[in-house]
Amino acid sequence: MVNPGSTSTKLSLFENESCLFTTDVFHDSSVLKQFPTINDQLDYRMDVVKQFLTDNHIDLTGIDAIVGRGGGCFPIVSGIYQIDDRLIQDTKASRGGVNHASMLGVQMAELLYRHYGGQMFMIDPPVVDELSDLARMTGVDGIYRKTGTHALNLKATARKHAAVIGRKYEDCNFIVCHIDGGISITAHQKGRMIDANNASGGEGPFSPTRMGSMAVTDLLRYFETGELDKLKSLCSQTGGLSSYFGTSNSDTVHKMVEEGDPRARRVWNAMIYQINKWIGAMSTVLKGNVDGILLTGGLVRFSDMVAQIQECCEWIAPVTVYVGEFEQEAMAQGALRVLRGEEKAMRYPGKPVWNGFED
């Protein structure tokens with residue numbers, strides 16, 4: 001399992017359902033911003049893979065499957081896909097408009113495949129598109145909202161929680177929040193993610209690496225010099241905590257909060273404040289019929305964040321915390337279903353699942 005994220009590269013080796021090895025290597029934004037584009041990080045991230053294999057004396061000869069987290073290909077339906085050249089090229093070109101480190105996942109999987117063989121899969125990439133018609137609309141004719149979420153972990157968490165409460169994901173309404181280097185706040189209705197902030201596009205709460213939603217007039221004033229590349233970077237790498245403190249390391253920033261730094265407290269609490277506002281928005285999308293608010297991702301390890309979300313949002317529905325994420329397990333389980341013949345991997349269609357209204 002090869003899982004590049006905005007602030008880390010996570011790698012795991014599974015034998016059937018058992019995880020034999022796993023590692024999660026943190027990459028500070030101060031290092032990543034040295035690369036002009038995300039695609040330029042490929043060799044740097046592959047060095048992490050090579051070191052992981054060397055340190056653990058792993059020989060992948062004879063491996064059955066390599067799963068790479070998907071990236072910015074054209075928007076697709078949720079599911080398991082075979083990685084092929086068209087998928088790789090569309091992902092590198094960010095055809096779906098998602099400029100995020102996850103786009104390296106299929107590229108890294110291909111490099112491993114060239115050396116070791118096996119089959120290559122992608123599962124629930126950030127561009128999974130199940131939006132309702134109303135969620136697609138903007139205030140400009142011809143411009144529609146896109147998806148750019150942590151779909152893999154969001155759906156895995158929703159399915160896991162549904163099983164915990166003895167129900168099926170397809171029978172529940174959840175607000176699922178992935179809170180980490182990027183933040184996704186999503187509404188799930190009967191097994192479909194019908195609305196979400198476009199996290200990879202900079203929409204929603206600001207996060208350790210992303211600037212979050214801002215008024216267009218403020219952005220125009222800030223970018224009067226026309227530095228478009230700088231704007232793209234603020235959406236995915238250098239915004240949020242990184243903009244304020246020069247680092248996306250949440251432990252570093254939270255230590256400043258604990259030590260009473262007034263600026264750090266204000267920024268940190270404002271990030272939580274914005275998370276709460278988006279949770280509230282998603283509750284209206286579900287018309288208040290919410291079976292649970294699920295918090296997942298690395299930042300929910302901070303008790304003050306969880307406490308503030310509970311204080312503001314628990315009147316909507318019970319808040320349940322799943323620290324970390326289930327992405328590696330979800331990728332492994334998906335690959336196993338295909339290898340065992342329980343599910344058939346889909347072919348990437350090379351076109352968006354939704355391409356405008358007919359009327």
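Keep in mind that the numbers below use all heavy atoms, side chains included, and drop hydrogens, waters and symmetry copies.
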Mind telling me whether Tyr244 and Phe206 have parallel, tilted or perpendicular rings, with 30° and 60° as the class edges? tilted
Using a cut-off of 6.0 Å, state whether more than 12 heavy atoms not belonging to Glu311 lie near its atom CD. no
Are the side chain of Asp291 and the backbone of Cys172 linked by a donor-acceptor contact shorter than 3.5 Å? no
Do Val25 and Val31 belong to the same hydrophobic cluster, where Ile, Leu, Val, Met, Phe, Trp and Tyr are linked whenever their side-chain heavy atoms lie under 4.5 Å apart, directly or via other members? no
Quick check with a 6.0 Å cut-off and a 45 degree axis cone: is Arg263 positioned over the face of Phe245's six-membered ring? yes
For the student: nearest non-hydrogen atoms of Leu241 and Trp268, plus distance: CD1-CZ3, 4.3 Å
Is Glu329 paired with Arg159 through a side-chain N to carboxylate O contact shorter than 4.0 Å? no
Residue pair Phe302 / Ile272, side-chain heavy-atom distance below 4.5 Å: no
So, Arg265 and Asp304, do they make that salt bridge, N to O below 4.0 Å? no
Side chain proximity check, Leu13 to Leu60, heavy atoms < 4.5 angstrom: yes
Are Arg340 and Asp64 within salt-bridge range, i.e. N to O under 4.0 Å? no
Among Thr296, Asn153, Thr149, whose side chain to side chain donor-acceptor pair (under 3.5 Å) with His178 holds? Asn153
